[in-house]
Protein chains: 2
Amino acid sequence: MRPTKKNTRAGSGKTPAAAITDAESVTDRVADAITSGIRAGTFVPGQHLPESAITLRLGISRGSLREALKHLAAAGIVTLNRFRGAYISTLDLRSTLDLLETLEPLARLAARLAAEHCDTNEKRRRMKAAADAIDVAGRNRARAEYLERRRHFYDTLVEIGGNTELARVMPLSRTDLFRAQVERIQTERQRALHLAGYSRIAAAVIARDPAAADRAVQRHFAGTRQTVAELPADVFPSQRRR
Amino acid sequence: MRPTKKNTRAGSGKTPAAAITDAESVTDRVADAITSGIRAGTFVPGQHLPESAITLRLGISRGSLREALKHLAAAGIVTLNRFRGAYISTLDLRSTLDLLETLEPLARLAARLAAEHCDTNEKRRRMKAAADAIDVAGRNRARAEYLERRRHFYDTLVEIGGNTELARVMPLSRTDLFRAQVERIQTERQRALHLAGYSRIAAAVIARDPAAADRAVQRHFAGTRQTVAELPADVFPSQRRR
DNA sequence: TCAATCAATATTGTAGGACGATTTCCGCTG
DNA sequence: CAGCGGAAATCGTCCTACAATATTGATTGA
């Protein structure tokens, strides 16, 4: 019953295998587990995260978990209520529109920068690979994989652009929440249009056309807003404190 | 450092609206103490924050401090080096320019939104008060106060704009770092030009002219970039692992 | 029966200690 | 003086304990 990955602690000698993978602290592993768990659907927005349950499940101490939760709360991924615990954040309609409004200028900047700096075959290859990966995952309706690929697409875009502050600021994890709430219920047509957006952005970046990349992102966001407007109202929770 | 203790005892009655739960936790107080300490000059970029020293100084437990540090690290205010501890983050020239490039579109958005929503006398009054406060503090060369007022100006701008996600994303604390490094050495002329920028932004917002507000922010950032370009090179550290 | 009240329980917030892991510091040797 | 090795300092993680608060459940009265 217990997860078998509780080792690496009492081991006297340090196995080289463990040394390779262990650049990560326990706290970081926990944060990763939760964020990727959101993309994978293991954790859903609004879900309560009792400390005792999570520490047991991940085999870590309470202190480490609390550090990780503080980190995630700062990123807006979980919401901490004093004496009531941690919840996976939920986005109501208002927050979602605000989020899109905020993310759009950042994404446009990222696209412009990427287009300006996409000057090697290696970068072009990575950009194209990221876009293609989204397409494949999207067509296969592989939700978890799609969200991972989408995240990777933005990461690649930002990395090629070369602005390290942008990576810190872009609220990608927060949009993962939005996607997690929305992905399962959008229509096929909406999905297809959305997927096409990424390809168009990538094409403009690879063509090293900043203005076109900017426009492609704008268009992409317009489409996303349209999708949100067409969603049934019950996708979004009424604003409760969570 | 003055801990703000506002204990709104909500008793038994259940308020239907979302005005809820703000008691200050120790962790939050620590985070506040460090961020405001940066603006006040108590903590300077690059400074090491040994856990034992800080816990002693603030009279808190190590666990609470570590939670606060994780929060601050997520915001980019402190940098954590495994087994080496926490440092107040430093911005090299590259990071500073990246930061300005990232902040600018967000500030422009904030200004546009504020201009669109500045529809009551109360909001106009607050906007003007925030701008005037910067001016006073700036002229008096009161560095700590100036940085506080500047922060308040942006907070007001964002709040009037009404986009809650923007408040979460804008890297204002990170720019406090930049200001803390730069403020003491910019020339009088640079300072005066900079101060004028805030007034101009406020004026456009109060006039409910989004386009003008947008332009005012653009101009403001152009000036800031100019100031950075004129700074002596030794203001910025060579990128070391901190 | 149902609503309000109050006690029992569960969960979180904070403190403090223990110990291995890693870095840093410093003296020693060659 | 470069390199080596050990001592000291600091960090990462776990653990326990207890106070503060929220939630749950039982009791009571209308």
Side-chain angles (χ1 to χ4, degrees), chain A residues 2-3 5-33 47-73 78-88 240-242, chain B residues 3 5-15 20-33 47-74 78-88 240-242:
Chain A
R2 286 284 187 290
K5 52 193 329 185
K6 200 180 173 182
N7 59 353
T8 67
R9 184 120 334 271
S12 52
K14 37 186 310 182
T15 57
I20 292 170
T21 55
D22 255 22
E24 260 194 350
S25 70
V26 169
T27 300
D28 293 339
R29 283 214 333 267
V30 174
D32 276 354
Q47 180 175 345
H48 183 47
L49 303 176
E51 292 181 355
S52 56
I54 307 295
T55 52
L56 263 171
R57 183 157 155 188
L58 299 179
I60 58 170
S61 77
R62 229 181 118 210
S64 298
L65 172 62
R66 287 178 61 82
E67 285 180 20
L69 289 178
K70 271 292 190 297
H71 179 93
L72 294 172
V78 307
T79 303
L80 300 179
N81 292 95
R82 199 150 196 258
F83 294 112
R84 297 182 21 128
Y87 294 80
I88 307 289
R240 289 167 63 192
R241 47 186 162 119
R242 267 191 178 171
Chain B
K5 203 166 253 188
K6 54 170 179 178
N7 200 338
T8 56
R9 181 161 289 287
S12 58
K14 206 186 155 178
T15 48
I20 323 271
T21 45
D22 278 328
E24 283 256 323
S25 69
V26 169
T27 300
D28 293 338
R29 284 213 332 265
V30 174
D32 276 354
Q47 180 175 343
H48 182 46
L49 302 177
E51 293 180 354
S52 56
I54 307 294
T55 52
L56 225 88
R57 183 159 155 187
L58 299 179
I60 57 169
S61 75
R62 220 176 131 215
S64 298
L65 172 61
R66 286 178 61 84
E67 287 180 17
L69 289 177
K70 272 291 189 299
H71 179 93
L72 294 172
V78 307
T79 303
L80 301 180
N81 292 95
R82 198 149 198 259
F83 295 113
R84 297 185 22 134
Y87 294 80
I88 307 289
R240 291 169 61 193
R241 288 286 146 259
R242 271 193 178 170

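Every heavy atom of this structure was used, including side-chain atoms; hydrogens, water molecules and symmetry mates were not. Lettering follows sequence order; numbering is per chain, from 1.
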Trainee: Identify the pairs formed between an N or O of the protein and an N or O of nucleotides 9-12 of chain D at a distance under 3.5 Å, and give each distance.
Mentor:
residue : atom : partner : partner atom : Å
D:dC11  : OP2  : B:Glu51 : N            : 3.2
D:dC11  : O3'  : B:Phe83 : N            : 3.2
D:dG12  : OP2  : B:Arg66 : NH1          : 2.5
D:dG12  : OP2  : B:Arg66 : NH2          : 3.4
D:dG12  : N7   : B:Arg62 : NH2          : 2.7
D:dG12  : O6   : B:Arg62 : NH1          : 3.4

Trainee: Hey, are A:Lys70 and B:Glu67 close enough for a salt bridge, meaning a charged N less than 4.0 Å from a carboxylate O?
Mentor: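 B:Glu67 and A:Lys70: salt-bridged.
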Trainee: Return the CG to NE2 distance between A:Leu80 and B:His71, rounded to the nearest 0.5 Å.
Mentor: 9.5 Å
Trainee: Enter the distance from A:Thr55:OG1 to A:Leu65:CG here, rounded to the nearest 0.5 Å.
Mentor: 6.5 Å
Trainee: Out of A:Val26, A:Asp32, A:Thr27, which residue meets the side-chain contact (heavy atoms from CB on, under 4.5 Å) rule with A:Arg29?
Mentor: A:Val26
Trainee: Look up atom CD1 in B:Ile88 and atom CG in B:Leu72, then write down how far apart they are to the nearest 0.5 Å.
Mentor: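 Separation between the atoms: 8.0 Å.
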Trainee: Rounded to whole angstrom units, what separation is found between the CD atom of A:Glu67 and the C1' atom of D:dT13?
Mentor: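 That distance rounds to 9 Å.
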Trainee: Atom CD1 of A:Ile54 and atom P of C:dT11: how far apart are they, to the nearest Å?
Mentor: 12 Å
Trainee: Taking only N/O atoms, report every protein-nucleotides 6-8 of chain D pair under 3.5 Å with atom names and distance.
Mentor:
none

Trainee: To the closest 0.5 Å, what do you measure between CG (A:Leu69) and CD1 (A:Ile54)?
Mentor: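 Nearest 0.5 Å value for the CG-CD1 distance: 8.0 Å.
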Trainee: Ignoring hydrogens, what is the shortest heavy-atom contact between A:Ala31 and A:Ala68? Give both atom names and the distance.
Mentor: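 In this case the closest contact between A:Ala31 and A:Ala68 is N-CB, 4.1 Å.
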Trainee: Less than 4.0 angstrom between a side-chain N/O of B:Ser61 and OP1 or OP2 of C:dA15, yes or no?
Mentor: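 Yes, within the criterion.
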Trainee: In whole angstrom, give the distance that lies between atom CG of A:Leu65 and atom C1' of D:dC15.
Mentor: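 Those two atoms, CG and C1', are 15 Å apart.
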Trainee: Considering all heavy atoms of both residues, which atom of B:Ala86 and which atom of B:His48 are nearest to each other, and what is their separation?
Mentor: O-ND1, 3.2 Å
